[in-house]
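Note sheet for the following structure.
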Amino acid sequence: MFLATCTYWLLFLILLFFSINSQAQDSAWFDVKPGSHYQTRFLLTNDIPSDQQSTLRELLQKHLSIHEAMQNPRMNESEWRRLVQKTPQEIADLLATEGYFKTKTTVYQPTTQLAEFHLTLPQQAKVNKVNVAITGEIQLAEHQGTLESAQKSWPLPINSTFTQQAWSSAKRELLSTLLRAEFPNAKITRSQALVNPQTQAVFIQLAVDSGPAVRFGQVRIHGLQHYKESMVRPLNTLKTGAPYRQADLLTLQNSFMSTGKFRSVDVTARTESLNADQTADVDVTVNELEQNTVRIGVGASTNTGARIVFNYTDRNLFNRGLLWDSSLRLEQRLQAATSNITFLTDEKGFRDSIQNSVIRTDLEGQTTTALQNGVRRYWGQPNIFEQYVGANLLYEFLTVDGEQSQFNKAATLAYGLNMRRLDHPLAPTKGWILNTQFQLAPLDKLSDGRFLQSQARLQAFYPLTQSTQWLGRIEVGTVTGARSVPATYLFRAGGDQSVRGYAFQSLGVKEADAIVGGRVLLTGSTEIVQWLTSSWGAAMFVDFGNAANSWKDYDPVLGYGLGARWRSPIGPVGVDIAHGQETGEYRLHFNLGVNF
């Protein structure tokens, strides 16, 4: 039943996708401007691919002067006739940018207020010959790899379709390959695309001067007011004498921004005024945030209900550059007081933190109050590849279905790994995120028993077309060892980032009238988003999963539904209506951002 339902929804999503695309492709070439007495119609006298029809139609609708003038209520017949006579040349110029040179346009006017333009298009231009010459220090043997990479990355090979956009993009990509490497002063010295209008063959000639190979010089920090430079100097990720890389400048900027102490960080390499040894000094200009801030926020979550949050932040605790972030969170089904002290990165690249929290939850007949004290050490690049180790002490008071409270304790050691490969940090369209965590309670004297909790979560993003995106997620967890494991380390499912269509953490092990955590977890999701505009889209999704005490008892449930998506300035926003197949209920879910 489970596989059959998944297959049904997958086929339904595929058919919807092709239906949307076929409707766009079959649209007639007809354009009427509302509120105007004048109309234009475009007809093709020869066949071209459907995707090209859509491209050319959009091009003509947006950029012809006659269409802009048609929206002016004061336009008269004299001006209309002038624009009609002018339009064939504009059509030829516009279609030339798409590789259709010498387009023939015949004008018909069945009525004085209707102009028909019959277009006869030649074959789309193809690249016939390519001559790309890259000179400069890149010719030296030590830069052979960069030279070969630039040559292989040329995106307009022989027999490829030639358009103005492709030509401009090809030049930009070739130059960017050098600029991102150790040649920030590379420039195009000759650029020419010769088109034979008789054969539609294009001869490309391009010359690029790489300039000198640049290395990093000294890093200078500007704008500090409350922090000594010795405190933030370990944030420098550049090594003097290392080859220049644009990506390394971004890593340096992220290193400063991730401290939570600066409103903005500007990193500039002086590549236009090199030192005598061909090094470029780097300026880091910071704009500090306020030393102390107090924030109060209200909101609501479909997981834990209405909330109010009080937050206090001290960015220079004890004048040692420590970041102290504390909060009090009051929600209908969750109350929490948290404190997190983060140390600045040290000379070896380690980032230490101290965490303390008291969290109370009341969900599905189980009430849990957990007091935790822990320390962690992070290293690596937070937005690419980051690891951590830590230790944590947990005291837990547990009440199930109103029975007498149970006291649990556990002292654990932790290791975690976070990896990201995304095309955008806030609103990714392509890439993946992997989070893994292992928590081990090794000593019986400090815990109620020895156990190991293992958990992994993988999210993927992939563009099926320019306006259609696929999202996938899978999460798995296990607990092995002692039978008396604190509820904090067991698993439950259901809710916004788990199985939609079910209440938050309502899926797990049935105990009397309550739902408690299980020792195994497996959830997943597949979703297709069709973007209707640049900011708004519609989604269809299928979620599955559950938690249980063993894989033998594991019985996944389904949730599926529809949703709306909005690309907001602070990240993606989603509103979903999901149907839980097991319960037969419909639930509303709200999501903000990507859950990392």
Side-chain angles (χ1 to χ4, degrees), residues 29 42 44-66 85-107 117-139 143-144 146-181 183-212 466:
W29 278 53
F42 299 88
L44 289 176
T45 60
N46 53 344
D47 294 331
I48 64 171
S50 298
D51 58 341
Q52 279 297 306
Q53 288 186 30
S54 300
T55 300
L56 299 185
R57 174 182 167 219
E58 182 179 359
L59 189 71
L60 296 176
Q61 285 181 333
K62 285 186 177 181
H63 300 290
L64 286 179
S65 301
I66 195 171
Q85 294 175 358
K86 176 185 176 183
T87 298
Q89 184 58 50
E90 286 192 5
I91 291 175
D93 295 339
L94 283 173
L95 298 194
T97 65
E98 292 297 318
Y100 296 100
F101 297 95
K102 284 199 169 182
T103 298
K104 295 180 181 179
T105 303
T106 305
V107 182
F117 300 94
H118 293 206
L119 282 58
T120 302
L121 275 61
Q123 290 295 318
Q124 199 169 16
K126 301 285 186 181
V127 177
N128 180 257
K129 186 177 181 181
V130 178
N131 183 5
V132 177
I134 306 176
T135 59
E137 285 193 20
I138 197 172
Q139 295 285 349
H143 306 302
Q144 190 66 26
T146 304
L147 177 60
E148 292 178 356
S149 176
Q151 291 172 334
K152 291 179 180 179
S153 66
W154 176 251
L156 266 182
I158 293 175
N159 291 327
S160 61
T161 300
F162 180 88
T163 66
Q164 186 61 47
Q165 182 179 357
W167 170 228
S168 299
S169 177
K171 292 186 290 184
R172 185 169 57 251
E173 288 182 24
L174 176 63
L175 193 60
S176 295
T177 301
L178 303 184
L179 297 178
R180 289 193 298 265
F183 300 98
N185 296 318
K187 59 183 179 181
I188 295 176
T189 57
R190 185 183 182 187
S191 171
Q192 194 174 40
L194 302 175
V195 181
N196 185 335
Q198 305 301 325
T199 62
Q200 299 294 303
V202 182
F203 174 32
I204 289 176
Q205 291 181 302
L206 191 67
V208 180
D209 180 9
S210 71
Q466 192 172 6

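Just so you know, these numbers come straight off a predicted model, no measurement behind them.
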Under the criterion side chain to side chain contact (heavy atoms under 4.5 Å, CB included), I'd like the reasoning laid out for Val202 against Leu156: C-alpha separation, chi angles, the key distance, then a yes or no.
CA-CA 11 Å; Val202 182; Leu156 266 182; over 6 Å; no
Steps toward side chain to side chain contact (heavy atoms under 4.5 Å, CB included) verdict (Leu56, Leu121):
CA-CA 11 Å; Leu56 299 185; Leu121 275 61; 3.6 Å; yes
Determine, stepwise, if the pair Gln139 / Leu147 fulfils side chain to side chain contact (heavy atoms under 4.5 Å, CB included).
CA-CA 7 Å; Gln139 295 285 349; Leu147 177 60; 4.0 Å; yes
Working note: His63 + Leu59, criterion side chain to side chain contact (heavy atoms under 4.5 Å, CB included); need CA distance, chi angles, decisive distance, verdict.
CA-CA 6 Å; His63 300 290; Leu59 189 71; 3.6 Å; yes
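Ring geometry for Phe42 versus Phe117: interplanar angle under 30°, hence parallel rather than tilted (30 to 60°).
Heavy atoms from other residues, nucleotides or ligands lying under 6.0 Å from CD of Glu148 number more than 12. Few gaps surround CD on Gln151; more than 12 heavy atoms of other groups in view lie less than 6.0 Å from it.
Separation of atoms CD (Gln85) and CD1 (Ile66) is listed at 10.5 Å; rounding is to 0.5 Å. Atom-to-atom distance recorded for Thr103:OG1 and Leu94:CG is 10.0 Å, nearest 0.5 angstrom. Interatomic distance, CD of Gln192 versus CD1 of Ile204, reported as 11.0 Å (0.5 Å rounding). In this structure, Leu60 CG and Leu95 CG are separated by 5.5 Å, a value rounded to the nearest 0.5 Å. Between the CD atom in Gln165 and the OG1 atom in Thr55 there is a gap of 9.0 Å [rounded to 0.5 Å].
Side-chain atoms of Glu137 never come within 3.5 Å of backbone atoms of Ser210 as a donor-acceptor pair (strictly under, hydrogens ignored).
Considering Thr105, Thr106, Thr45 as possible partners of Thr120, the one that fulfils the side chain to side chain donor-acceptor pair (under 3.5 Å) test is Thr45.
Counted by atom type alone, Ser160 and Lys126 present zero donor-acceptor pairs between their side chains at under 3.5 Å. Side chains of Glu173 and Ser169: a donor on one and an acceptor on the other come within 3.5 Å. With no hydrogens or angles considered, a side-chain donor-acceptor pair links Glu90 and Ser65 at under 3.5 Å.
Pro88 approaches Val107 most closely through the heavy-atom pair CG-CG2, 3.7 Å. Summarising the geometry of Glu98 relative to Thr163, their closest heavy-atom pair is O-CG2, 3.5 Å, with the distance given to 0.1 Å.
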